[in-house]
J.: 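One structure, as structure tokens, below. Some questions next.
What's counted below: heavy atoms across the whole structure, side chains too, no hydrogens, waters or symmetry copies. Predicted model, so just to flag it, every value in this text is computed and none were measured. Throughout, residue positions are numbered sequentially from 1 according to the sequence presented.
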Amino acid sequence: MPFNLIRRFAVVALSTLVTVCALAKTPATPEKMNQLYAAYWEEYPEANPIAATFNGDNRFNDRFGATTSAEIRARTKALADKYLMQTVQYDPATLRGEDRISYDLLRYQLQLSLDGLKFPSHLMPINQTGSLPLIFAQLGSGRLAQPFVTVKDYDNWVARAAGFAPAVDGMIVDMREGIKRGVVLPKALVKPVLPQLENLGGPDLEKNIYMAPLKKFPASFTEAEKTRLTAAYIALVRDRIVPAYQRLLVFMRDTYLPASRDTVALSALPDGKAWYAFRARSSTTTEQSPGAIHAIGLAEVARIRSLFEEAKERVGFKGTLKEFFVHMNTAPELRFTNREEIQAAYEALRARVDAKAPVFFQRIPKTAFEIRPIETFREVSGPPAQYFQGLPDGSRPGIFYYNAYKPETRTRFTTTAFFLHEAIPGHHFEISLAQEQLGMPGFRRFGGTGAFSEGWGLYSEMLGQEMGLYDDPWQWVGRLSAEVWRAVRLVVDTGIHSKGWSREQAIAYFLENVPQGETVAVQEVERYIAVPGQALSYKIGELKLLELRARAEKALGPKFDIRAFHEEILIHGSVPLRVLESAVDRWLAGQKK
């Protein structure tokens with residue numbers, strides 16, 4: 001999955017779009033609409049300064065932004081209301097192609113912002129996978145989006161970090177309200193948060209991640225500057241950041257954990273069924289119900305399990321499929337032995353994929369990327385692999401993260417599939433190529449939808465077969481392992497949140513159908529509990545991409561060009577599946593002429 005807490009916009013289904021043509025007063029033109037988009041993209045980063053930093057807009061690097069949910073929600077509503085009102089003044093009927101996509105897409109995103117405010121997500125602001133306490137530590141480490149190059153950069157961070165403690169106190173206020181209203185996290189999610197807070201709130205400043213920038217002062221800094229900044233950072237971390245983490249830890253451990261719930265489903269909360277239905281629609285950009293998605297998942301799991309029967313013969317395994325899965329979960333030779341081996345495996349794979357990519361793609365991203373392990377303070381609950389976007393100006397590379405926690409549990413046979421999905425030609429391609437289209441509105445270059453992005457990542461895993469990257473039969477086993485993993489997500493996510501499955505039932509189903517160990521199974525299921533609906537985007541998106549490719553191959557016959565097809569898929573950025581389908585149909589109509 002991409003590192004997308006800040007970057008990503010999910011998109012509501014097309015039916016939520018308000019019909020505007022009858023109310024319009026002025027014909028829309030590309031020039032007028034681009035001016036409106038530019039105005040919106042000027043206001044958005046000022047209202048969301050941390051998001052601006054992630055998107056490479058460094059004008060607000062000294063600002064934290066709103067520190068209470070009331071202010072955040074008010075700003076979100078005001079911005080969405082303002083630009084929905086402005087767009088409704090224009091008749092989009094004359095807009096064509098990309099111009100119409102931009103108009104509709106902005107309205108989708110703004111409407112989604114308003115729809116999301118109907119649900120009290122602010123009362124559960126913490127999770128074990130990517131909430132503020134973790135993301136802020138990544139920023140403060142100097143290893144993510146916040147720049148630490150100049151003296152001003154260091155001063156900017158001190159100014160920004162002043163907002164962290166008030167924001168933590170605001171989250172505690174919200175969680176107290178959540179306790180009163182019965183909107184609380186499951187106990188299963190609170191428990192893994194506690195050691196994270198203990199780590200980040202440790203009193204030993206020498207080991208504190210927030211002190212890391214002091215260990216890599218640029219050579220241009222004077223001794224006086226280093227002395228001043230060191231004193232400022234010590235005071236910041238010792239007197240404000242560490243106490244904030246400790247206050248949060250005490251509250252979560254002593255007050256919140258006892259009040260947290262034994263249930264795990266979003267549907268167990270007040271208005272939870274509607275809440276989950278909204279999350280499912282926004283994650284998939286379809287109108288498919290949780291029940292329909294569950295059925296798709298079951299069918300996909302059955303189909304992929306049959307392919308495993310063929311795969312085990314290719315690797316020469318004698319035994320049942322269940323015994324094969326046990327072998328995959330336990331054989332030491334199929335596991336890494338240390339962190340360094342994992343890094344080396346991905347570095348070697350990178351060169352192979354780089355050599356193949358030009359055969360399948362017209363454009364190769366200019367943005368560079370690095371391969372890194374997930375930071376130790378979040379690896380216990382982190383995903384197996386992850387991508388974080390770089391910037392097209394070269395100031396920040398993309399990052400392919402792999403999880404090296406307990407390396408003896410990490411499978412060698414999944415490296416190809418993980419790399420193809422998260423790095424190239426997966427998220428690094430689709431995100432970087434969108435950001436590098438400087439003529440596209442900013443909200444499209446840096447926005448996106450999970451169904452497209454995760455669908456593209458899973459499609460990229462499939463593409464590895466055509467690229468000749470699964471010549472090792474065990475890596476093909478890994479490809480099937482990764483695919484059934486995503487099919488299982490459809491079953492488990494909907495099972496938990498719409499069919500009453502328990503955490504233990506979900507873990508058991510995962511282990512029965514995915515050849516991974518219990519550590520990964522627990523991490524994954526708890527992720528689905530923490531972020532309901534997000535796991536649905538992968539398979540639903542991939543199936544639509546495969547459908548569109550089959551349609552193109554049938555329509556164009558011998559004229560079908562895989563490089564041209566991929567260009568058409570990626571040229572629009574990350575859009576809702578129905579928008580993509582319409583664009584591909586227009587492209588096919590043009591190709592036939």
Side-chain angles (χ1 to χ4, degrees), residues 5-6 48-51 63-77 116-117 119-140 157-203 208-210 235-264 266 268-270 272 275 377-378 380-381 526 529-532:
L5 181 73
I6 300 293
N48 301 274
I50 292 179
R63 303 185 197 178
F64 184 91
T67 57
T68 67
S69 63
E71 186 179 0
I72 293 170
R73 289 164 69 83
R75 287 186 180 184
T76 298
K77 185 177 187 305
L117 294 177
F119 303 103
S121 56
H122 61 292
L123 301 183
M124 298 188 296
I126 301 291
N127 65 54
Q128 79 285 13
T129 63
S131 52
L132 178 67
L134 295 180
I135 290 174
F136 208 68
Q138 288 182 277
L139 283 174
W157 176 252
V158 173
R160 167 169 279 177
F164 179 71
V168 167
D169 292 337
M171 289 192 293
I172 292 174
V173 170
D174 285 337
M175 287 188 282
R176 290 188 186 279
E177 178 65 20
I179 292 173
K180 293 179 183 178
R181 292 169 54 179
V183 181
V184 293
L185 289 173
K187 281 185 170 61
L189 299 191
V190 179
K191 291 176 181 177
V193 167
L194 301 181
Q196 294 174 344
L197 300 178
E198 289 176 357
N199 184 318
L200 293 168
N208 195 289
I209 192 68
Y210 285 99
L236 169 70
V237 177
R238 180 192 62 206
D239 301 336
R240 304 172 82 171
I241 290 180
V242 165
Y245 276 109
Q246 291 176 344
R247 286 197 301 277
L248 184 58
L249 172 61
V250 170
F251 169 76
M252 295 291 288
R253 182 190 63 212
D254 299 344
T255 301
Y256 196 79
L257 179 60
S260 59
R261 56 192 170 100
D262 295 320
T263 60
V264 292
L266 190 63
L269 296 177
W275 196 350
F377 67 81
R378 65 185 184 96
V380 175
S381 297
E526 291 183 349
I529 297 170
V531 193

J.: Any chance you could measure Met171, atom CE, to Leu132, atom CG, to the nearest 0.5 Å?
T.: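 Met171 atom CE to Leu132 atom CG measures 4.5 Å (nearest 0.5 Å).
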
J.: From Leu185 CG over to Ile126 CD1, what is the distance, rounded to the nearest 0.5 angstrom?
T.: 8.0 Å

J.: Hey, what do you get for CG (Leu248) to CE (Met175), rounding to the nearest 0.5 Å?
T.: 5.0 Å

J.: Is Arg75 close to Glu71 at the side-chain level, that is, under 4.5 Å between some pair of heavy atoms?
T.: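 Result yes, sub-4.5 Å side-chain heavy-atom pair found.
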
J.: For the residue pair Met124 and Leu189, establish whether any side-chain heavy-atom pair is separated by less than 4.5 Å.
T.: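 Sidechains of Leu189 and Met124: no contact.
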
J.: Nearest 0.5 angstrom please: Gln196 CD to Asn199 CG, how far?
T.: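 Output value for this atom pair is 8.5 Å.
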
J.: What distance separates Ile209 CD1 from Leu139 CG, expressed to the nearest 0.5 Å?
T.: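 Ile209 CD1 to Leu139 CG: 11.5 Å, rounded to 0.5 Å.
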
J.: Are Glu177 and His122 packed together at the side-chain level, in the sense that at least one heavy-atom pair is separated by less than 4.5 angstrom?
T.: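 They are not in contact (no side-chain heavy atoms under 4.5 Å apart), so the answer is no.
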
J.: Taking all non-hydrogen atoms of both residues into account, name the closest pair between Gly182 and Pro270 and its distance.
T.: O-CD, 3.8 Å

J.: To the nearest 0.5 Å, tell me how far Leu200 CG sits from Ile241 CD1.
T.: 10.0 Å

J.: Can you name the nearest heavy-atom pair linking Gly130 to Leu134, along with the distance?
T.: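 Shortest heavy-atom contact: N-CD1, 3.9 Å.
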
J.: In terms of the angle between their ring planes, are Phe164 and Tyr210 parallel, tilted or perpendicular, with boundaries placed at 30° and 60°?
T.: tilted

J.: Ring centres under 6.0 Å, that's the criterion: do Phe136 and Tyr245 meet it?
T.: no

J.: Looking only at heavy atoms, which two atoms of Asn208 and Gly202 are closest? And how far apart?
T.: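 Taking Asn208 first and Gly202 second, the nearest heavy atoms are ND2-O, 3.7 Å.
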
